[in-house]
Amino acid sequence: MGEERRVTISVIKADIGSIAGHHKVHPDTIAAATRVLAEAKRKGTIIDFYVTHVGDDLQLIMTHRKGVDSPEIHGLAWEAFKKAAEVAKELGLYAAGQDLLSDAFSGNVRGLGPGVAEMEFVERPSEPIVVFMADKTEPGAFNLPLYRIFADPFNTAGLVIDPRMHDGFKFEVLDVLEGKYVVLNAPEELYDLLALIGTPSRYVIKRIYRKRDNEIAAVVSVERLNLIAGRYVGKDDPVAIVRAQSGFPAVGEILEPFSFPHLVAGWMRGSHWGPLMPVSLRDAKCTRFDGPPRIVALGFQVTKGKLIGPVDLFDDPAFDEARRLAQQIADYMRRHGPFMPHRLGPEEMEYTTLPQVLEKLKNRFAEAKDYEKYIKPKIKKSELLTGEETHD
Ligand code: 13P
Ligand code: 13P
Ligand code: MG
Ligand code: MG
């Protein structure tokens with residue numbers, strides 16, 4: 001295992017504009033980004049690349065030997081997005097340049113709008129990976145499936161029967177509001193882990209390591225666009241990379257949680273809960289109520305740094321039932337219209353245009369006379385009966 005076999009996978013994505021609303025990337029913008037990466041491959045900056053899209057998000061999948069957070073690679077992605085955004089502007093595409101929040105690129109695209117998932121490792125003799133890409137949702141959407149893949153033996157048989165995985169995995173969880181992170185061990189600290197990641201808008205799984213040797217197993221893009229911009233610009237449609245087989249979960253174990261289309265935040269105007277529907281690249285476009293949120297899984301072999309593939313892993317009738325269930329959930333949730341819990345709660349709505357509407361209503365409010373009488377608390381906290389006394 002020499003130094004020459006260290007390879008970095010960088011998946012960097014941005015919404016640079018879309019045809020007919022937030023529906024789908026235009027092929028000319030894909031071509032513009034492809035030209036930039038093809039030139040970089042010719043020059044040897046990157047070893048290999050694959051450009052694709054999921055809904056209105058342009059996806060750059062690259063391999064190279066420059067490590068994570070390389071200014072050269074981030075600069076290359078930025079250039080590809082800029083060129084694609086120029087084409088989007090020429091074509092008058094909708095929200096052209098949406099995720100390019102600033103012109104001030106200085107060595108790293110993090111914090112500027114694009115989403116980034118990168119991992120570096122020593123290539124195994126056979127190195128299968130799965131790249132997940134979602135549209136109309138947020139990074140916390142990966143919390144539930146990653147928990148199931150790396151911590152739930154009812155999902156991943158290998159946790160029980162493969163000695164290389166039997167010690168479990170370490171989860172690095174980021175608090176996106178406070179900018180702090182914690183590393184928790186599974187299975188010992190499962191309940192602590194769930195106490196955090198059950199709040200996916202705030203606590204986001206960022207990386208997962210195999211406990212016995214600290215090998216990187218998974219990484220998620222954790223950028224929260226609206227937190228960065230301080231206003232609604234679009235959802236932080238996330239990506240993730242997961243290593244598979246030979247001491248990591250099998251590809252089938254990695255795909256299995258997506259047979260349950262769990263509810264994620266996003267969908268119309270980034271403001272609604274909806275089911276995450278696993279789809280093929282062909283169906284990676286969000287139509288109904290700008291959704292429902294979708295996820296694509298591409299499988300590659302990484303061989304001497306080259307990307308062999310992809311295979312379109314959800315392009316399989318085995319996921320038809322999940323898609324059908326997602327449609328039913330979509331129907332059910334839609335019937336709530338503008339009511340919670342279809343619409344997101346007030347904390348998340350802060351980053352949308354709803355506060356402008358509420359502001360307008362502010363001086364329409366009059367004092368409620370009955371409030372003093374019935375609702376305003378008269379009892380001091382010390383006078384309250386305690387739970388023990390009333391519920392014995
Ligand atoms: P517009 O008001 O620009 O149509 O935006 C709505 C929307 O799609 C939010 O991203
Ligand atoms: P995107 O985040 O995919 O641009 O979607 C924005 C939106 O408002 C969809 O209704
Ligand atoms: Mg968009
Ligand atoms: Mg999108």
Side-chain angles (χ1 to χ4, degrees), residues 11-27 29-30 33 51-60 77 81 84-85 87-89 91-101 109 112-117 131-142 176 200-201 220-240 264-279 281 283-296 330 333-334 337-338 342-344 348-357:
V11 182
I12 307 187
K13 51 80 46 182
D15 179 340
I16 49 80
S18 155
I19 184 160
H22 295 280
H23 175 230
K24 198 177 170 189
V25 167
H26 190 287
T29 62
I30 296 185
V51 180
T52 187
H53 78 95
V54 171
D56 63 358
D57 292 283
L58 181 59
Q59 310 281 350
L60 313 177
F81 291 139
V87 174
K89 278 174 193 150
L91 295 174
L93 298 188
Y94 193 69
Q98 176 180 292
D99 287 0
L100 311 182
L101 298 178
V109 295
L112 297 181
V116 184
V131 177
F132 288 104
M133 297 162 284
D135 189 26
K136 304 296 182 271
T137 187
E138 61 182 18
F142 282 112
V176 293
S201 57
V220 179
S221 67
V222 292
E223 287 72 22
R224 291 286 320 264
L225 205 54
N226 302 327
L227 297 180
I228 295 167
R231 65 184 161 83
Y232 183 66
V233 257
K235 213 62 185 167
D236 335 277
D237 305 323
V239 290
V264 297
W267 209 348
M268 173 56 73
R269 296 172 188 267
S271 308
H272 293 81
W273 290 101
L276 186 61
M277 185 191 269
V279 292
L281 277 175
D283 294 323
K285 50 194 176 190
C286 288
T287 49
R288 182 178 178 191
F289 201 55
D290 284 3
R294 286 166 208 232
I295 184 155
V296 163
M333 294 302 283
R334 282 299 303 123
H342 183 24
R343 203 210 68 196
L344 302 187
E348 287 297 295
M349 293 305 287
E350 249 179 63
Y351 296 96
T352 71
T353 42
L354 184 68
Q356 293 170 32
V357 177

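Both backbone and side-chain heavy atoms feed into the values below; hydrogens, waters and symmetry mates do not. Source: prediction; values computed, not measured. Counting convention: from 1, in listed order, for ligands and their atoms alike.
Taking CE of Met277 as the start and CD1 of Ile295 as the end, the distance is 13.0 Å to the nearest 0.5 Å.
Residue Met268 approaches ligand 2 through these ligand atoms, each under 4.0 Å from one of its heavy atoms: 10 (O). With ligand atoms numbered from 1 in the order given, ligand 2 contributes 7 (C), 8 (O), 9 (C), 10 (O) to contacts under 4.0 Å with heavy atoms of Arg269. In summary, the atoms of ligand 2 found under 4.0 Å from a heavy atom of Lys136, numbered by their order in the structure, are 1 (P), 3 (O), 5 (O), 9 (C). Near Asp56, the atoms of ligand 2 lying under 4.0 angstrom from a non-hydrogen atom of the residue are 1 (P), 3 (O), 4 (O).
None of the N, O or S atoms belonging to Asp15 lies under 2.8 Å away from the Mg ion (ligand 4). The Mg ion (ligand 3) lies at 2.8 Å or more from every N, O or S atom belonging to Asp99.
For the residue pair His342 and Phe289, the shortest heavy atom distance occurs at NE2-CE2, 3.8 Å. The nearest pair of heavy atoms linking Asp135 to Cys286 is OD2-SG, 3.6 Å.
If you look at Asp56 and ask which of its N, O or S atoms sits nearest the Mg ion (ligand 3), the answer is OD2. The N, O or S atom of Asp57 with the smallest distance to the Mg ion (ligand 4) is OD2. Asp237 has its closest N, O or S atom to the Mg ion (ligand 4) at the position named OD2. Within His22, ND1 is the N, O or S atom that lies nearest to the Mg ion (ligand 3). When the N, O or S atoms of Asp135 are ranked by distance to the Mg ion (ligand 4), OD1 comes first.
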>> Using the rule given for side-chain contact (heavy atoms from CB on, under 4.5 Å), can you reason through Ile12 versus Val116, listing the C-alpha separation, both sets of side-chain angles and the distance that settles it, and then say yes or no?
In response: CA-CA 5 Å; Ile12 307 187; Val116 184; 4.2 Å; yes

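When each of Asp237, Val11, Val239 is tested with Ser221 by the rule side chain to side chain contact (heavy atoms under 4.5 Å, CB included), just one qualifies, namely Val239. Of the candidates Lys136, Lys13, Arg294, Lys136 is the only one forming a salt bridge (charged side-chain N to carboxylate O under 4.0 Å, His left out) with Asp56.
Contacts of His22 with ligand 2, taken as heavy-atom pairs under 4.0 Å, involve the side chain alone.
Judged purely by atom type and a 3.5 angstrom limit, Thr29 has no side-chain atom pairing as donor or acceptor with the backbone of Val87.
For ligand 2, one of its N or O atoms has an N or O atom of Asp290 under 3.5 Å away.
A 4.5 Å side-chain heavy-atom check between Met349 and Ser271 finds at least one atom pair inside the cut-off. At a threshold of 4.5 Å between non-hydrogen side-chain atoms, the residues Leu100 and Leu112 do not count as touching.
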